[in-house]
Amino acid sequence: MKRYAIITDDAVEGVDQKFNGIVSFFVLKHKYPYFINSDTQRSHLASITSKGLLYKTPTVLPPSREDISELFEKVKDEFDEVFCILSADGLSPTFTAFDEISKYYKGRMKLRNLHSESISYGQGFIVNKCARLINQDVSPDKIEEILRETIPSIYTLLCAPDLSHLFANGFIDAGQYLIGSQHLIQPLFSIENGSLNPLDKTKNGRGVADFFIDFLQEYDQLEKIAFLHSKNRLQDIFQEIQQLSVELFPQNPIFEVNSNAYFSNLIGPNGFGLILIE
């Protein structure tokens, strides 16, 4: 009997499959130098240098090459099929680092490296689907084909009010950070091809709710709807979106997940999002 492994990273949320003797599960950990999810955190991620320039330091770092290499040593000869489902590479270069290092490891395993182009519940949906298909005894080649077809059907909208985090991680420049902070801008993004794509900006929750609702109404049918709550509080705007979702998609349960360490460090503790799977 073939032995399977699924490798993902800690950007994932919503993994609900039970992993038994057939499937083993491994999670790569990002590094969080400012500990946004703990009691110790740095309040100012952007500071002005003596020359008047803004200085920034990323709040999320990819797993070290040593951690990735150590994982390969564990799986390369123990498993026949290894599915690697990693988070959006335009947010953190974990996928690229993993892909580069994988070329140095040959063994029993057949590595199937998939860029999820997603995070959070969207990434978790792919992981769950992979595990379910393995347990259904679907062939590895067919599983890979199905998963690659699934990736473009995941849509993620994000609201990121914490501009210091966006600037610190290189998603906006110094001018956008300063002007946006002055005017209390709440930018809206999607994740497209694994990168943040700016969509709009608003100053209040009403504008965010209207944008999310308009986006939701574009779909005739959906398989999954997930609300991604911020670390700091539950989002009131989701109450209205939930009512609309029940009207439009009465058969679809709504999943709610809280911001994990990856999301709250990358986008900020006030960031939140809507994830739709067609």
Side-chain angles (χ1 to χ4, degrees), residues 4-17 19 23-32 58-76 79 81-105 107 109-134 140 143-156 158 169-171 189-197 226 228 257 259-267 273 275 277:
Y4 291 82
I6 297 177
I7 297 172
T8 188
D9 57 55
D10 61 348
V12 74
E13 290 190 275
V15 174
D16 58 15
Q17 292 295 310
F19 295 91
V23 187
S24 295
F25 188 55
F26 300 91
V27 180
L28 285 166
K29 303 288 188 180
H30 287 83
K31 313 296 183 184
Y32 307 109
T59 60
V60 174
L61 301 175
S64 68
R65 298 181 72 88
E66 291 76 13
D67 289 345
I68 296 173
S69 296
E70 182 179 335
L71 180 55
F72 272 118
E73 290 292 344
K74 289 181 181 178
V75 303
K76 67 183 181 68
F79 297 94
E81 298 285 346
V82 178
F83 287 88
C84 181
I85 303 168
L86 295 176
S87 55
D89 199 44
L91 306 187
S92 176
T94 304
F95 176 84
T96 297
F98 188 94
D99 195 46
E100 290 174 353
I101 294 172
S102 70
K103 296 177 173 57
Y104 296 100
Y105 286 88
M109 69 173 180
K110 179 168 184 179
L111 179 65
R112 300 172 186 271
N113 202 6
L114 287 82
H115 180 203
S116 76
E117 301 182 12
S118 188
I119 58 172
S120 187
Y121 188 85
Q123 185 182 353
F125 178 81
I126 301 171
V127 171
N128 287 331
K129 193 166 193 174
C130 181
R132 185 170 63 251
L133 292 170
I134 292 172
I143 292 174
E144 182 175 357
E145 178 186 340
I146 292 172
L147 296 182
R148 292 192 184 278
E149 290 174 350
T150 299
I151 290 170
S153 300
I154 300 172
Y155 306 93
T156 303
L158 302 175
N169 290 297
F171 300 132
F189 298 89
S190 64
I191 298 179
E192 294 186 14
N193 300 316
S195 297
L196 279 189
N197 176 50
L228 175 55
V257 293
S259 175
N260 60 11
Y262 175 88
F263 187 81
S264 59
N265 279 273
L266 187 81
I267 303 297
I275 300 171
I277 301 174

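Numbers here simply count residues along the sequence, with the first being 1.
Side-chain contact annotation: Asn265 with Thr59, donor-acceptor N/O pair under 3.5 Å absent. Side-chain contact of Ser64 with Lys31: a donor-acceptor pair under 3.5 Å is absent, judged by distance alone.
Using a 4.5 Å heavy-atom cutoff, the side chains of Ile6 and Val82 are not in contact. Gln123 has its side chain out of reach of Glu117: every pair of non-hydrogen atoms, C-beta onward, lies at least 4.5 Å apart. The shortest distance between side-chain heavy atoms of Leu111 and Phe98 falls below 4.5 Å. Residues Tyr4 and Phe25 fail the side-chain proximity criterion, which asks for heavy atoms closer than 4.5 Å.
Note: Tyr262 and Tyr32 have perpendicular aromatic rings, judged against thresholds of 30 and 60 degrees for the angle between ring planes. Using cut-offs of 30° and 60° for the angle between ring planes, the Phe26 and Phe79 rings count as perpendicular.
In terms of heavy atoms, Thr94 sits closest to Asp9 at CG2-OD2, 4.2 Å. Taking every heavy atom of both residues into account, Cys130 and Leu147 meet most closely at CB-CD1, 3.7 Å. Shortest non-hydrogen contact noted between Pro62 and Pro93 is CG-CG, 4.1 Å.
More than 12 heavy atoms of other residues, nucleotides or ligands sit less than 6.0 Å from atom CG of Asn197.
Salt bridge annotation for Glu144-Arg112: present, with a cationic side-chain nitrogen under 4.0 angstrom from a carboxylate oxygen.
Proximity of a side-chain donor or acceptor of Asp99 to a complementary backbone N or O of Phe95 within less than 3.5 Å is not detected.
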